[in-house]
Amino acid sequence: MTALVSMATRMRDDICAVGASLFNRGLTAGSTGNISVRLDDGSMIMTPTNACLGELDPERLAHLAGDGTHLSGDKPTKEAFLHNCMYCERPHAGAVVHLHSTHAVAVSILADNNPEDVLPPLTAYYVMRVGSLPLVPYFAPGDEALALAVKAKAGRHHAVLLANHGPVVSGTTLRDAQYATEELEETARLHLLLDGHRTRPLTPAQVDHLRRR
Ligand SMILES: O=C(O)[C@@H](O)C(=O)COP(=O)(O)O
Ligand SMILES: [Zn+2]
């Protein structure tokens, strides 16, 4: 029990540090985005709704039971059900990050993207951290239908892109989820930067080789 309490305390501090780092580098603005971690007992700590990720208070983060019941802290993010759906489908996920990072949002709005996999395999690091990125059809933020649409993809994908909204990325640890989200954003930026240029993405054989490692 004491170990769980100290883990929860550490996770609260980590969420605030990661939130501040993401916000301060312009990876999400205003009160957009939300972060959660899952503890060993299956309960979850989540950012509150309408909170700025740059100004989180560890004491005020919401604590939810594994079934989504709000146990303590401020009212959780309106995407709580979405985070919970990701955890249900991914038993090894320990954290989920959702941002409105500009370039990923821009890609989510492009008319002619491939909804099965929105970004090409431009770099090895992208393939290793993200892999593939399906587009989830548009639903309003906080809509249960949005969470269910994510749930439908989450078993096969740890990262998805919400149409006209932004990325949702899970990871074994909060750092894994953070770094994958950042790599997704950088690759979206590269993709837009390369628009109109002839490009040489990694070949299927190169992608396969990376996936096997
Ligand atoms: O886009 C939205 O409104 C939410 O997905 C979001 O990013 C912020 O919502 P809260 O976490 O409820 O503040
Ligand atoms: Zn959002």
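Numbers here are sequence positions counted from 1. Every number for a ligand or one of its atoms is a count from 1 in the order of the listing.
- Residue H98 has at least one heavy-atom neighbour below 4.0 Å for each of these atoms of ligand 1: 5 (O), 7 (O).
- Residue-ligand proximity, S31 to ligand 1, at heavy-atom distances under 4.0 Å covers atoms 8 (C), 13 (O).
- Residue K153 is tested with V160, L161, L133 for a side chain to side chain contact (heavy atoms under 4.5 Å, CB included); the sole match is V160.
- When only non-hydrogen protein atoms are considered, atom 3 (O) of ligand 1 lies nearest to K78 NZ, 2.8 Å.
- The shortest contact between atom 8 (C) of ligand 1 and any protein heavy atom is with N34 ND2, 3.6 Å.
- Of the inter-residue distances, the one linking D74 atom CG with E59 atom CD reads 11.0 Å to the nearest 0.5 angstrom.
- Residue contacts with ligand 1: P141 is placed with no nitrogen or oxygen under 3.5 Å of a nitrogen or oxygen of the ligand (distance criterion only).
- When only non-hydrogen protein atoms are considered, atom 12 (O) of ligand 1 lies nearest to T49 OG1, 2.6 Å.
- Between D14 and R175 no salt bridge is recorded (no basic side-chain N to carboxylate O distance below 4.0 Å).
- Vertex the Zn ion (ligand 2); arms to H165 atom NE2 and H100 atom NE2; angle 100° (nearest 10°).
- Side-chain atoms of T28 come within 3.5 Å of backbone atoms of H100 as a donor-acceptor pair (strictly under, hydrogens ignored).
- Inter-residue side-chain proximity for P48 and L56 is flagged as met; some heavy-atom pair is nearer than 4.5 Å.
- The distance from the CZ atom of R129 to the CD atom of E186 is 13.5 Å, given to the nearest 0.5 Å.
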### Task
List the steps, then state whether ring pair (Phe, Tyr, Trp, His ring centres under 6.0 Å) holds for H98 with H165.
CA-CA 10 Å; H98 162 58; H165 188 166; 4.6 Å; yes
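- Set against the non-hydrogen atoms of H165, the atoms of ligand 1 under 4.0 Å away are 1 (O), 2 (C), 5 (O).
- Nearest approach of G155 to E89, heavy atoms of both residues: N-CB, 3.8 Å.
- Within H98, the N, O or S atom lying nearest to the Zn ion (ligand 2) carries the name NE2.
- Atom 5 (O) of ligand 1 has its closest protein heavy atom at E79 OE2, 2.5 Å.
- Considering only non-hydrogen protein atoms, atom 13 (O) of ligand 1 sits nearest to N50 N, 2.7 Å.
- Nearest protein heavy-atom contact of atom 11 (O) of ligand 1 is T77 OG1, 2.7 Å.
- Less than 4.0 angstrom separates some heavy atom of G33 from each of these atoms of ligand 1: 6 (C), 7 (O), 8 (C), 11 (O).
- A donor-acceptor pair is defined here as one N or O able to donate and one able to accept, closer than 3.5 Å; no such pair exists between the side chain of E183 and the backbone of V130.
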